[in-house]
Every structure is written in structure tokens, then in C-alpha cells.
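Just so we're on the same page: letters track the sequence lines, and every chain starts at 1. Just so it is clear, the model here is predicted, and its values are computed rather than measured.
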There are 4 protein chains.
Amino acid sequence: MFIEILPNSDTPIYTQLMYQIKIGILKKEWSYGDGLPSVRSLASELGINMHTVNKAYNLLADEGVLVKNQKGYFVSERAMMASNEHTKAAIQDKLKEILIDKQIFEVSEETFNGWLNEIEKELEGQGKADADI
Amino acid sequence: MFIEILPNSDTPIYTQLMYQIKIGILKKEWSYGDGLPSVRSLASELGINMHTVNKAYNLLADEGVLVKNQKGYFVSERAMMASNEHTKAAIQDKLKEILIDKQIFEVSEETFNGWLNEIEKELEGQGKADADI
Amino acid sequence: MFIEILPNSDTPIYTQLMYQIKIGILKKEWSYGDGLPSVRSLASELGINMHTVNKAYNLLADEGVLVKNQKGYFVSERAMMASNEHTKAAIQDKLKEILIDKQIFEVSEETFNGWLNEIEKELEGQGKADADI
Amino acid sequence: MFIEILPNSDTPIYTQLMYQIKIGILKKEWSYGDGLPSVRSLASELGINMHTVNKAYNLLADEGVLVKNQKGYFVSERAMMASNEHTKAAIQDKLKEILIDKQIFEVSEETFNGWLNEIEKELEGQGKADADI
DNA sequence: GTGGTCTAGACCACT
DNA sequence: GTGGTCTAGACCACG
């Protein structure tokens with residue numbers, strides 16, 4: 001799994017990391033039960049601080065995406081990632097902001113749907129390939 | 001135009017304000033050339049800091065949604081709000097995050113489309129009413 | 001509110017702090033909506049690190065005991081502190097451990113109930129006094 | 001005696017093991033003078049580290065629940081398990097934490113007593129059955 | 001002045 | 001060698 005971090009982005013590093021890991025799971029580069037790199041090794045590999053990785057891992061554990069035990073962090077069962085109310089509300093809020101900007105900046109329905117498809121195709125990645133076998 | 005600010009919210013006040021103004025424009029409560037309340041008056045009306053209103057107005061001017069002259073801030077022509085590359089990229093980034101979470105938390109296509117429709121209907125709101133006249 | 005931290009205890013400082021704040025709320029030394037000391041001021045007052053206070057505040061916010069906004073941390077409404085399943089399970093697990101030790105070490109029913117009453121009386125504190133008025 | 005270890009748990013394995021052994025004693029599956037499985041055999045049976053079993057046994061010996069001699073670890077007399085001051089204080093501290101959370105999260109007296117009874121019944125378990133013989 | 005983020009580095013608990 | 005805790009100190013976002 002190649003994780004790319006942009007240190008000068010306005011999204012915090014730990015947030016970037018959370019999404020990169022989620023993408024890795026969606027692309028089936030990690031599966032249920034797989035262990036993630038240790039906090040310290042991933043930190044040194046990415047050239048960032050241990051605590052930043054730790055924060056990302058912990059938030060993912062709070063969301064139910066990862067589980068932790070004394071041995072480290074692991075990908076949890078999909079069933080555990082049930083979206084709670086808080087998560088749902090957050091998604092809806094973000095969606096509302098996007099739709100407002102879509103209308104204000106007059107992004108056409110075609111362009112918007114093009115983006116949707118493009119991103120969904122990108123997220124399938126390896127998973128799609130597997131399905132084709 | 002009724003602007004509602006939630007002081008206890010994760011989203012910064014200036015961001016809330018930006019979206020509330022955009023909603024006002026979408027609902028046609030303000031049209032091209034209309035002047036916005038002065039920074040000071042809006043700040044006191046909403047009970048928030050003057051600098052916060054100023055920041056929101058300035059960012060909206062950066063986005064091309066408002067224009068500023070010696071008299072104050074005004075709603076710009078829709079054509080001026082053409083999405084520049086930066087804005088487009090921002091929308092796409094947000095969209096990607098949403099779609100990742102949608103898949104990770106297994107939000108069904110139906111539920112997601114339901115949200116989309118619900119929000120779009122909400123955004124029509126007053127605008128729709130006007131059209132009916 | 002006097003908060004006492006034992007740096008050499010085996011319970012982490014942030015946990016001690018969480019319980020001390022909860023006690024403060026139970027004793028009505030803080031009420032709904034009251035703001036807590038700033039992360040940095042409480043840290044310096046207690047002679048501990050800012051991040052430790054921050055962790056305690058954040059965990060209390062996760063539990064619903066506090067709410068945070070851009071202005072700081074505040075005591076949330078009692079209704080918001082609804083015990084979720086996770087919290088309940090944690091309490092039950094702890095309770096089971098206590099009852100096991102109670103029986104293993106042959107703590108009599110009388111002694112145990114004495115402890116219960118003693119602690120509950122201690123927790124009433126100022127609240128009881130108010131009720132007496 | 002069936003000992004169940006949950007490797008994915010917040011409570012350390014050695015702690016889980018300590019309580020499982022205490023439960024075994026309460027349920028009279030081991031009595032005064034009975035020898036416990038050797039450190040190595042129990043470790044391999046449970047699929048955990050030898051040091052972990054050793055730590056649990058040693059702590060139980062510290063608490064007076066087990067005694068150690070050249071032949072191994074044995075259940076000590078009930079009288080030896082008399083709660084020392086340190087143990088008492090530990091129980092009271094835990095109890096205080098529970099009662100704080102009970103009040104903060106508004107667990108009703110009925111619910112709480114329900115939990116108490118449920119757990120005590122569970123701890124009788126096999127012991128109760130023996131008594132019936 | 002408030003909290004948020006990030007870094008650097010130390011010591012400890014668990015296995 | 002794993003994560004957990006704590007400290008110290010810097011820079012940024014928000015109001």
C-alpha cells in the first residue's frame with residue numbers, strides 16, 4: 001500500500017492518513033483481520049511523527065474501521081463499521097455543502113455525475129480487478 | 001433573509017456564514033447587484049465578531065460570489081461565479097471523501113440518493129415558491 | 001473546584017482528571033453550560049502538560065459529558081450524557097471485577113454496603129447542601 | 001476449568017487470567033491446596049505467552065490467593081486471602097469510579113441493582129449446583 | 001486568548 | 001517490539 005501524505009495541504013495529516021487507509025481497505029489491499037504497520041514504523045516510513053499516526057489509528061478505531069489490542073491495530077469486520085448517527089450526520093452536512101457549491105458555481109449535472117463516476121471507478125481499483133477474475 | 005448561526009458547531013462560524021449567504025442567493029433572496037448588510041450591522045445582528053463577518057465576505061469575494069467596492073459588498077453576476085480550477089478541485093476532494101465514507105460505512109445507493117434529493121429539494125425552497133408565482 | 005492529581009498513581013493523569021471533573025459536576029460545582037478552565041491554564045495550575053488536559057477534555061466530550069466549540073469546553077446538558085452501550089458494558093465489566101474481589105477477599109455484605117453509602121454520601125457533597133435549603 | 005481469554009480486549013491478558021482463576025475458585029472448581037496447571041502447560045493450552053501466565057500467577061500469589069512452592073502454584077486457604085489494606089483501597093477506588101459513572105450517566109438504581117444481582121448469580125454458578133447436591 | 005496540529009523525545013506496560 | 005502516557009515547545013486557525 002502506497003500512502004501519500006501532502007504535508008502542506010490544509011487537511012490535517014492525520015485526516016489524510018485516515019482516508020488513505022480507508023482507500024486501502026476499499027481497494028482490498030488490506031482485508032479483515034490484517035494488521036496495520038506499527039505506529040512507529042509507519043511514522044518513520046512517511047516521515048511524520050508517531051503521535052500523528054497514533055491519532056489517525058485511534059480515530060479509525062473510534063469509527064469502528066480498525067480494532068486495537070495489545071498486539072497492534074487491525075482491520076475490523078465490515079459489519080463493525082456500521083455507520084452511527086454521528087457519522088451519518090457528518091456525511092450529510094458535507095453533502096449539503098457540496099450541493100450548495102455545485103449550484104452556486106453552476107457545475108452541470110453532467111460534469112457532476114462525471115466526477116461521481118470517475119471517483120467511484122478510482123475507488124474500485126484492485127477490488128474491481130478481483131471481481132473480473 | 002434569516003441567517004442562522006450555530007455557535008456550538010464543528011464548522012467555523014465564518015464557514016457557516018458563507019454557506020448561509022450562498023443559500024440566500026440560491027433561494028433568490030438576494031439577486032445580482034443586491035448589497036449585503038454592512039459588516040458591522042450583520043455582526044451585531046448575529047451576535048458574532050466583526051472580523052468573522054469580514055472574513056466570510058472576503059472569502060466569498062475571493063470565490064467570485066461577492067464583489068466589493070467602496071460602498072460595501074454586493075452579489076456578483078452568476079457568470080462571475082464560474083468555478084475556477086481551485087474551486088473545482090476543492091469540490092472534487094470533498095466529494096471523494098464523502099464517497100469513501102459512503103462505501104466504508106456501507107451507506108446504500110438508495111439511502112445516499114435519498115439524501116441527495118432531500119437536500120436538493122431543501123435548497124430549492126423559496127426559489128421554487130417564487131417560480132410558482 | 002479543587003482538583004487533586006497524584007502523579008505517581010497507576011491510574012493515568014488524564015483518567016484522574018476525568019473523574020475529578022465528573023465529581024465536580026455531581027457536586028454541582030459546575031452546572032450546565034459552565035465553561036471549564038482553558039486547557040493551558042488548567043495544565044499550568046495543576047503542573048501538568050497541556051496535552052494531558054486536552055486528552056481528558058476530549059474523552060469527556062466523546063462521552064458526552066462536555067461539549068466543545070471554538071470558545072472552549074463546556075458542561076453539557078445532563079440529557080446528553082446518555083449512557084451508550086459501550087459505557088454500560090464498561091461499567092458492568094468493572095462491576096464484575098469488583099464483585100469477584102469482594103467474594104475472594106471475603107468482604108462482608110455490611111462492609112461493602114458501608115463503602116457504597118460512604119462514597120455516595122461523599123459524592124452528594126454540595127448538591128445535598130443545596131437540597132437542604 | 002475452562003478458561004476463556006479474549007485476545008482483543010482492553011483488559012490485559014494477565015488480568016483476564018487472574019479473574020478467570022478467581023472465578024474458578026469461587027465456583028469451587030479448585031479448592032484449598034489444589035495445584036494449578038504449570039505455567040508452560042497453561043500457556044500452551046491458552047495459546048498465550050509463558051511470561052503472561054507467570055505474571056498472573058505471581059500477582060495472585062502477591063494477593064494471597066495462590067501460594068508458590070518448589071512444586072508449583074497452589075490455591076491457598078481462604079483465610080490467607082484476607083484483604084489487606086492495599087487490596088481494600090484498590091476495591092474502594094474502583095467502586096468510587098463506578099458510582100461516579102453511574103450517577104453521571106444516570107443509571108437508575110433499579111438497573112444498577114439488576115446488574116449486581118445478575119453478576120452475583122453468575123458467580124454462584126457451579127458453586128450453587130454443588131450446594132444442591 | 002482559545003483550542004488544534006505537529007514534532008521530538010522519554011519512560012512504561014504488555015507480550 | 002508493540003502501543004500508552006507524559007512532557008516540552010512551536011506554529012496555526014478561530015473569534
Checklist line | Separation of atom OH in A/Tyr73 from atom C1' in F/dT2, rounded to whole Å | finding: 10 Å
Notebook entry, point to check: Would you say C/Asn54 reaches E/dG3's phosphate, i.e. side-chain N/O to OP1/OP2 under 4.0 Å?
Noted result: no
Notebook entry, point to check: Between D/Leu6 (CG) and E/dC14 (P), how many Å, whole number?
Noted result: 17 Å
Check: Hey, does the side chain of D/Asn58 reach the backbone of D/Asn54 with a donor-acceptor pair shorter than 3.5 angstrom?
Finding: yes
Note to self: Output the rounded distance in Å from CG (A/Leu17) to C1' (E/dC6).
What the structure shows: 13 Å
Next item on the list: Mark yes or no for whether A/Ser44, through its side chain, and A/Ser41, through its backbone, hold a donor-acceptor pair below 3.5 Å.
Entry: yes
Note to self: Output the rounded distance in Å from NZ (A/Lys68) to P (E/dA13).
What the structure shows: 18 Å
Notebook entry, point to check: What is the distance from CD1 of A/Ile5 to P of E/dT7, rounded to the nearest Å?
Noted result: 10 Å
Check: Does the cation-pi check pass for C/Lys68 over C/Tyr73, that is, NZ or CZ under 6.0 Å from the six-membered ring centre and within 45° of its axis?
Finding: no
Next item on the list: Summarise protein proximity over nucleotides 8-15 of chain F in one line of letters, 5' to 3': B for base, S for sugar-phosphate only, - for none, counting protein heavy atoms closer than 4.0 Å.
Entry: BBBB--SS
Margin query: Any salt bridge linking A/Lys102 with A/Glu97? Criterion: basic side-chain nitrogen under 4.0 Å from a carboxylate oxygen.
Written below: no
Item checked: Between E/dC14 (C1') and D/Met18 (CE): distance, integer Å -> 14 Å
Next item on the list: For C/Leu59 and F/dT5, give me the distance from atom CG to atom P, rounded to whole Å.
Entry: 9 Å
Next item on the list: Look at the side chain of A/Asp34 and the backbone N and O of A/Ser31, then say whether any donor-acceptor pair between them is shorter than 3.5 Å.
Entry: yes
Check: Rounded to the Å, how far apart are C/Asn58 CG and E/dT5 C1'?
Finding: 12 Å
Note to self: Could you check whether any side-chain N or O of A/Gln16 sits under 3.5 Å from a backbone N or O of A/Thr11, counting only pairs where one atom can act as donor and the other as acceptor?
What the structure shows: yes
Next item on the list: Establish, with yes or no, whether the OP1 or OP2 oxygen of F/dT2 is under 4.0 angstrom from a side-chain nitrogen or oxygen of A/Tyr57.
Entry: no
Check: Any stems for DNA chain E, made of 3 or more Watson-Crick or G-U pairs in a row, each with both distances under 3.5 Å?
Finding: E:1-14 with F:1-14
Next item on the list: Locate the shortest heavy-atom distance separating B/Tyr57 from B/Leu42; write the atom from each residue and the value.
Entry: OH-CD2, 3.3 Å
Next item on the list: Examine distances only and state if a side-chain atom of B/Asn69 and a backbone atom of B/Gly72 form a donor-acceptor pair shorter than 3.5 Å.
Entry: yes
Check: Quick one: is A/Asn69 getting a side-chain N or O under 4.0 Å of the F/dG3 phosphate, OP1 or OP2?
Finding: no
Note to self: Has A/Ser76 got a side-chain atom pairing as donor or acceptor with A/Gly64's backbone, closer than 3.5 angstrom?
What the structure shows: yes
